[in-house]
Protein chains: 2
Amino acid sequence: MAKIDEVAKAAGVSISTVSYALSGKRPISADTRARIDAAVRELDYRPNAGARMLAGSRTSIFALTEPFRPDTHAPTHMSFVLAASIAARRNDYDILLLTEEEASSGMRRVASSGLVDGVLVLDVAPDDERVALARRIAIPTVFIGVPDDHAGLTCVDLDFERAATLAVRRLADAQHRVVGLVGQPAIAYENSNFPPRVRRGFDAAARELGLDAHFRSTGSNRPDAATTRRGIAEMIDAGVTGFLVHASEEATAAVLAEVTARGLSIPADVSLISVASSFDASALAIAVDDIPLVPQRSCDLAVDLALRALEDDPPKPRVHLIEPQYHSRGSVGPVRPTSGERTD
Amino acid sequence: MAKIDEVAKAAGVSISTVSYALSGKRPISADTRARIDAAVRELDYRPNAGARMLAGSRTSIFALTEPFRPDTHAPTHMSFVLAASIAARRNDYDILLLTEEEASSGMRRVASSGLVDGVLVLDVAPDDERVALARRIAIPTVFIGVPDDHAGLTCVDLDFERAATLAVRRLADAQHRVVGLVGQPAIAYENSNFPPRVRRGFDAAARELGLDAHFRSTGSNRPDAATTRRGIAEMIDAGVTGFLVHASEEATAAVLAEVTARGLSIPADVSLISVASSFDASALAIAVDDIPLVPQRSCDLAVDLALRALEDDPPKPRVHLIEPQYHSRGSVGPVRPTSGERTD
DNA sequence: TTGAAAGCGTTACCAC
DNA sequence: GTGGTAACGCTTTCAA
């Protein structure tokens, strides 16, 4: 609870010198700096947050808005919150949580009271109501996810379409002609912004490459093991040999289980790629190729963009899509020639 | 971005009157108040957070520290974060997130910089390092969970021991002589504070009532379906007719599945109580009696205690255990007489 | 390279 | 019931 004037006195310098030494905003002689550092340590000085917010123009706080929807996948969501927090701290920022109904109204509140310097938006819906808000408030807002109407917004996300395309290409390169996508629960295609993007990429790539494409969701309102297993079985029955899985760890394990249960093997009979997953696909019963969704990458970029938006001449808002990275682990291989029914 | 002096001018009163009208800290005539309210609305005035923190002694922010452990059950954890946030907002407080390594060091930082008025501690470990910190910082700290060494601390939690005791009594009242506890993964009995408390309550009540008590965890480091199912089967084989389940929704469903698979029925053959669960036990395939862990109750109380600790003469720190509530749904019944092997 | 002092926008004390 | 004004603890301009 020491104050800046005590530090100044202890170091034998003026208040402003202490302030500049701490902020690094002007050159300080090595000798002076050493005395100040010593005094700071000695007194365990920490600048008062309120005074800083008032005098400076920065609060060093970002709001994180996240409307915990009932169908939100908790582990993934937690990863993003954690990643956002880490990204913020790397830049000496704190995260203020805005949840539930406050996810929207709270944005206005904290923006106009000057509590935060910017807003990070999580769990973006295609028709997200926070889009309109972002356009009205005076502080920078970064969406982690891409809403349908994103004109004039700064958005950050994995390039889900390219991820799906990339995965389909791999399967096609391995001569798979019938591919299947194990997707999210049906409701996610309405409430979330990214499942439809994966599906679009999948459909487009399959069409372009002339593949036979199948799709099954893993439940209606939430993941359901029975629905998942049935969908997988149906696709195998329909001749699918190359799978994309854009679903939970459980659903991915279910594909392995169904394949194994049929006496088939990976990659000899069936190939499999996990797309946009945020769990460790190398730790499954069989290591699985994946194109991971890395929360830390999205959040680091989001925080970076928010900070840049606070600078003198901020960059123009736009959508930043992160390049997907393919991790090979041996779960994709050529179609077994003997099992080809119509190998032209 | 209007300031208080503009509101004052618009309402034709002094700055201090506006301040008092907004805080309600001194009587204002109805007429004056009306003019001020109108001006506030007109200008969309919101007090500047930094100025408030500096001038007043409150920041209206609580820190929430939560060291997302790898073995943390994400959905339950999310419920608590959400509940804490809601509890805070009900009292016009915001939540600042402290995660990961910052969960501890961040406590010092935000406490001594005056960023927050108090700290809420989530995900409490038996030997939590935040206990020592709480004793050293100058602001109130409330633990949601009870660490082993809690002398001088304010803690809030469900009375897990009584919850377990209560459940065992219900089973004993229904003439069950052999009871089983389906617990958390083994690691939770080291890393978390409450699983051992449930187990202690279970053991103590069984001993006191002269019941034969069995226990199985649901995995080692994380929930594992196979381990869970096997444990349940073993206990049924050992003659367990009355189950306590202190585990995930999945594990609870597994008990129902195993019972059903054996052609047994609930509650005719097997009775079942879910203890300290934070999912909806009435929505399972068979509605299950439960003694729920209600995050909102804990968090409301925690926030309340934090606020009271900020008052003039704060109450003495102590452990506040919340009374368990039994919800009857028909999953507990008398032991089937015919199957009694040794009915004394 | 350093210092003095004017704000920053509230709150709360002291007067009336 | 209302108004004037001194803090609150820092940042930053202006001066040296």
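Letters go in sequence order (proteins before strands), and every chain restarts at 1.
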Go through the structure and list residues passing side chain to side chain donor-acceptor pair (under 3.5 Å) with B:Arg297, not counting sequence neighbours.
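If we apply the side chain to side chain donor-acceptor pair (under 3.5 Å) test to B:Arg297, skipping adjacent residues, there are no hits.
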Sequence neighbours excluded, which residues qualify as side chain to side chain donor-acceptor pair (under 3.5 Å) partners of B:Ser113?
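Here no residue qualifies.
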Kindly list each side-chain donor-acceptor pair under 3.5 angstrom involving residues 60-68 of chain A, sequence neighbours excluded, with atom names and distances?
{"residue": "A:Thr65", "atom": "OG1", "partner": "A:Arg130", "partner atom": "NH1", "Å": "2.6"}
{"residue": "A:Glu66", "atom": "OE1", "partner": "A:His77", "partner atom": "NE2", "Å": "2.4"}

Taking [atom1] from [X] and [atom2] from [N], how many angstroms apart are they, rounded to a whole number?
| X | N | atom1 | atom2 | value |
| --- | --- | --- | --- | --- |
| A:Asp5 | D:dT11 | CG | C1' | 14 Å |
| A:Ile4 | D:dG9 | CD1 | C1' | 8 Å |
| A:Met1 | D:dG9 | CE | P | 11 Å |

Under 3.5 Å, is there a donor on one side chain and an acceptor on the other for B:Ser79 and B:Thr76?
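There is no such pair (donor and acceptor under 3.5 Å, judged by atom type) between the side chains of B:Ser79 and B:Thr76.
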Between A:Ser16 and A:Ser19, do the side chains contain a donor N or O and an acceptor N or O under 3.5 Å apart?
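Side chains of A:Ser19 and A:Ser16: no pair found under 3.5 Å.
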Test item: B:Arg33 side-chain N/O and B:Ala21 main-chain N/O as donor-acceptor pair under 3.5 Å
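Yes, because the side chain of B:Arg33 sits within donor-acceptor range (under 3.5 Å) of the backbone of B:Ala21.
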Are the side chain of B:Asp44 and the backbone N or O of B:Val40 linked by a donor-acceptor pair below 3.5 Å?
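Side chain of B:Asp44 to backbone of B:Val40, a donor-acceptor pair under 3.5 Å: no, none is there.
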Please name all residues satisfying salt bridge (charged side-chain N to carboxylate O under 4.0 Å, His left out) with A:Asp123, sequence neighbours left out, ordered by chain then number.
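Salt bridge (charged side-chain N to carboxylate O under 4.0 Å, His left out) list for A:Asp123, sorted by chain: A:Arg69.
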Who passes salt bridge (charged side-chain N to carboxylate O under 4.0 Å, His left out) against B:Arg109, sequence neighbours left out?
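Expected list: A:Asp94, B:Glu102.
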Side-chain donor/acceptor pairs under 3.5 Å, residues 48-58 of chain A, sequence neighbours excluded:
{"residue": "A:Asn48", "atom": "OD1", "partner": "A:Gly50", "partner atom": "N", "Å": "2.9"}
{"residue": "A:Asn48", "atom": "OD1", "partner": "A:Ala51", "partner atom": "N", "Å": "2.8"}

Can you list every pair that meets salt bridge (Lys or Arg N to Asp or Glu O under 4.0 Å) and has a residue in residues 140-150 of chain A, with sequence neighbours left out?
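Every salt bridge (Lys or Arg N to Asp or Glu O under 4.0 Å) pair that includes a residue of residues 140-150 of chain A, provided the two are not neighbours, is A:Arg135-A:Asp149.
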Less than 4.0 angstrom from a charged side-chain N to a carboxylate O is my criterion; do B:Arg308 and B:Asp304 meet it?
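Yes, B:Arg308 and B:Asp304 are salt-bridged.
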Taking DNA chain C as the partner, which of residues 53-61 of chain A come within under 4.0 angstrom of it by heavy atom?
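Output list: A:Leu54, A:Ala55.
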Output the residues of residues 25-45 of chain A in contact with DNA chain C, where contact means a heavy atom of the residue under 4.0 Å from an atom of the strand; sort by number or write none.
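Listed by number, they are A:Arg26, A:Pro27, A:Ile28, A:Ser29, A:Thr32.
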Going by the rule ring-ring contact (aromatic ring centres under 6.0 Å, His included), which residues pair with A:Phe160 if we only count those two or more places apart in sequence or in a different chain?
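Listed in chain order: A:Phe194.
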With a 4.0 Å heavy-atom cut-off, tell me which residues in residues 6-23 of chain A come close to DNA chain D, sorted by residue number.
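Within residues 6-23 of chain A, the residues near DNA chain D are A:Ile15, A:Ser16, A:Ser19, A:Tyr20.
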Along DNA chain C, first and last positions that approach a heavy atom of chain A under 4.0 Å:
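Taking any atom under 4.0 Å from a heavy atom of chain A, the span is C:dT1 to C:dG9.
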